[in-house]
Number of protein chains: 2
Amino acid sequence: MNNHSCNCERCQHKICAKRVPIFSTLNAEEINRVVNLIIRKRYSRGEMIILEGSHLDSLIIINSGKVKAFRNTFEGKEQIIYIFSQGDFFGEKNLLINQNAQYNVEALEVTHVCTIKKDDFKKLLREYPEIGLKIIEELCSRLERLENAVESMGTKNAEERVNEVLLEFARKYGKESQNGIIVELPLSREGIANYIGVARETVSRKMNLLQEEGIIEMVGNKKVIIRNIDAL
Amino acid sequence: MNNHSCNCERCQHKICAKRVPIFSTLNAEEINRVVNLIIRKRYSRGEMIILEGSHLDSLIIINSGKVKAFRNTFEGKEQIIYIFSQGDFFGEKNLLINQNAQYNVEALEVTHVCTIKKDDFKKLLREYPEIGLKIIEELCSRLERLENAVESMGTKNAEERVNEVLLEFARKYGKESQNGIIVELPLSREGIANYIGVARETVSRKMNLLQEEGIIEMVGNKKVIIRNIDAL
DNA sequence: TTAAAACTGTGACCTATGTCATAATTTTGG
DNA sequence: CCAAAATTATGACATAGGTCACAGTTTTAA
């Protein structure tokens, strides 16, 4: 299914809800109930979906598109903490333990989201405990990504971190082809730098090295072809 | 209550179960049920509680003591990911999504733990959904700590990270006194270094600087008195 | 209590990577 | 499609902090 086949204005969000892992255990009728609770929103590239410190009253689920969750340090640096895409949700912490947003969320491209009001979400959670288990699962996988990030930032040098992030993007966003794995990068060089905690220039230099070695090929700024994934 | 007042051989673990936040919503009778499922273990300083990659079949809850959860990189570096102490639990991921341990866990001092078999734990979870919510809460606070760690490692220099970790320890383990906040450090200098991702020598140097400035006072290797917490 | 083991402090040195400046390239939006 | 805006590449340079070596100190456990 491509991104355009779900026009939620027409299909009444059915497909969006079906797409979302946390609702995957529900049957058709239950999905219908959920669908009626959903409010849909669209964000353009660069638009803020959540501002750090603001109050949230909805769970937000990504229907299509990509977003970055990040913090700004007071010296003006940006640290990207998560990249969320189709099926991912966020804001759950703010609903479950009633606190304000811990980070900014900004659309990296045109992004459609489904939102569910706090009270509706809590009701669902009470009625369908499997949703709670799905959420625990998702939190665990988020923990896993952060545990890996901490290990990487604490013990690896810039070159290893760049290789690692390319592997991550290849796994998540890559498409196999006979030339190699074609990866549409979700982040600019600067974004990658802010994700792995190095300087923008360092990302450039390390990626150029990889290109010189024939391990990757850069196509413009937003696409990379990975020719030799084992070398990463 | 000090650590010695709970001799669980005698009191049949009642106090251990009561101490544990995830069981805090249960009433006396329910606690009794839980208590009967608990198997108690003792680990000496330096003993391994979990080995990375091993299979786990119990939830482990810390009754007293402290442990570190860490990974070893293949170049022989150690990255500490969590420090767990009284009331904290671990191994849950391995029970809920059936995978092997993601990190080593080692006792930092004499540590008593309560363990609950996977099946018993799952039964409890099904019967008392509030336990699931407590677990979500705990996972969220773990996410929070890791999000902060990633921000810190990605954007802060060694000095700021040392200051930060001292603040964290002061909050978690510090006791107020008229001289300042007395902190029993859970980690050696090397441990701190492996926690915040810098070299052991750097931790020494930055802490000495803080001592010269009168902000902290080091008492032996395992204790620090924080004289001016606002300066950190 | 004491010897051995573990840990810490410190100087010297080095290098990976951050910073700055500028030119070149790519992307975007009207 | 084009001009403006944004992003990237790259060289020069500076430096924070890693590594090494070793002496001194603290902690441990018998």
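By convention in this document, chain letters (A, B, ...) are assigned in the order of the sequence lines, proteins followed by strands, and residues within each chain are numbered from 1. Computed from a prediction, not measured in an experiment: that's the story for all the values here.
- The cationic atom of A:Lys68 (NZ for Lys, CZ for Arg) does not lie both less than 6.0 Å from the six-membered ring centre of A:Tyr103 and within 45° of the ring axis.
- Scanning DNA chain C 5' to 3' for nucleotides with an atom closer than 4.0 angstrom to a non-hydrogen atom of chain A gives a first and last hit of C:dT17 to C:dT28.
- Protein atom NZ of B:Lys223 is 14 Å distant from nucleotide atom P of D:dT26, rounded to whole Å.
- Ranked by how close their nearest DNA chain C nucleotide is to the 5' end, A:Gly220 and B:Glu190 are led by B:Glu190.
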Quiz item: What string of B, S and - do you get for nucleotides 18-24 of chain D 5' to 3' if you count protein non-hydrogen atoms under 4.0 Å?
Solution: SBBB---
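- The nearest whole Å value for the distance from the CG atom in A:Leu209 to the C1' atom in D:dT10 is 12 Å.
- Atom pair B:Glu160:CD and D:dA16:C1' shows a separation of 12 Å (rounding to whole Å applied).
- Both B:Glu212 and A:Glu159 lie near DNA chain C, and the one whose nearest nucleotide falls closer to the 5' end is B:Glu212.
- With A:Tyr195 as the aromatic partner, A:Arg189 does not meet the cation-pi criteria of under 6.0 angstrom to the ring centre and within 45 degrees of the ring axis.
- Seen from the ring of B:Phe84, B:Arg145 does not count as a face-on cation partner, given the 6.0 Å and 45° thresholds.
- Heavy atoms from other residues, nucleotides or ligands lying under 6.0 Å from NZ of B:Lys41 number 12 at most.
- Across the protein-nucleic acid pair, A:Asn221 atom CG and D:dT10 atom P stand 12 Å apart, rounded to whole Å.
- Atom CD in A:Gln211 sits about 14 Å away from atom C1' in D:dT10, given to the nearest Å.
- Atom CE of A:Met218 and atom C1' of D:dT8 are 9 Å apart (whole Å).
- A:Leu210 has its CG atom 16 Å from the C1' atom of D:dT8, to the nearest Å.
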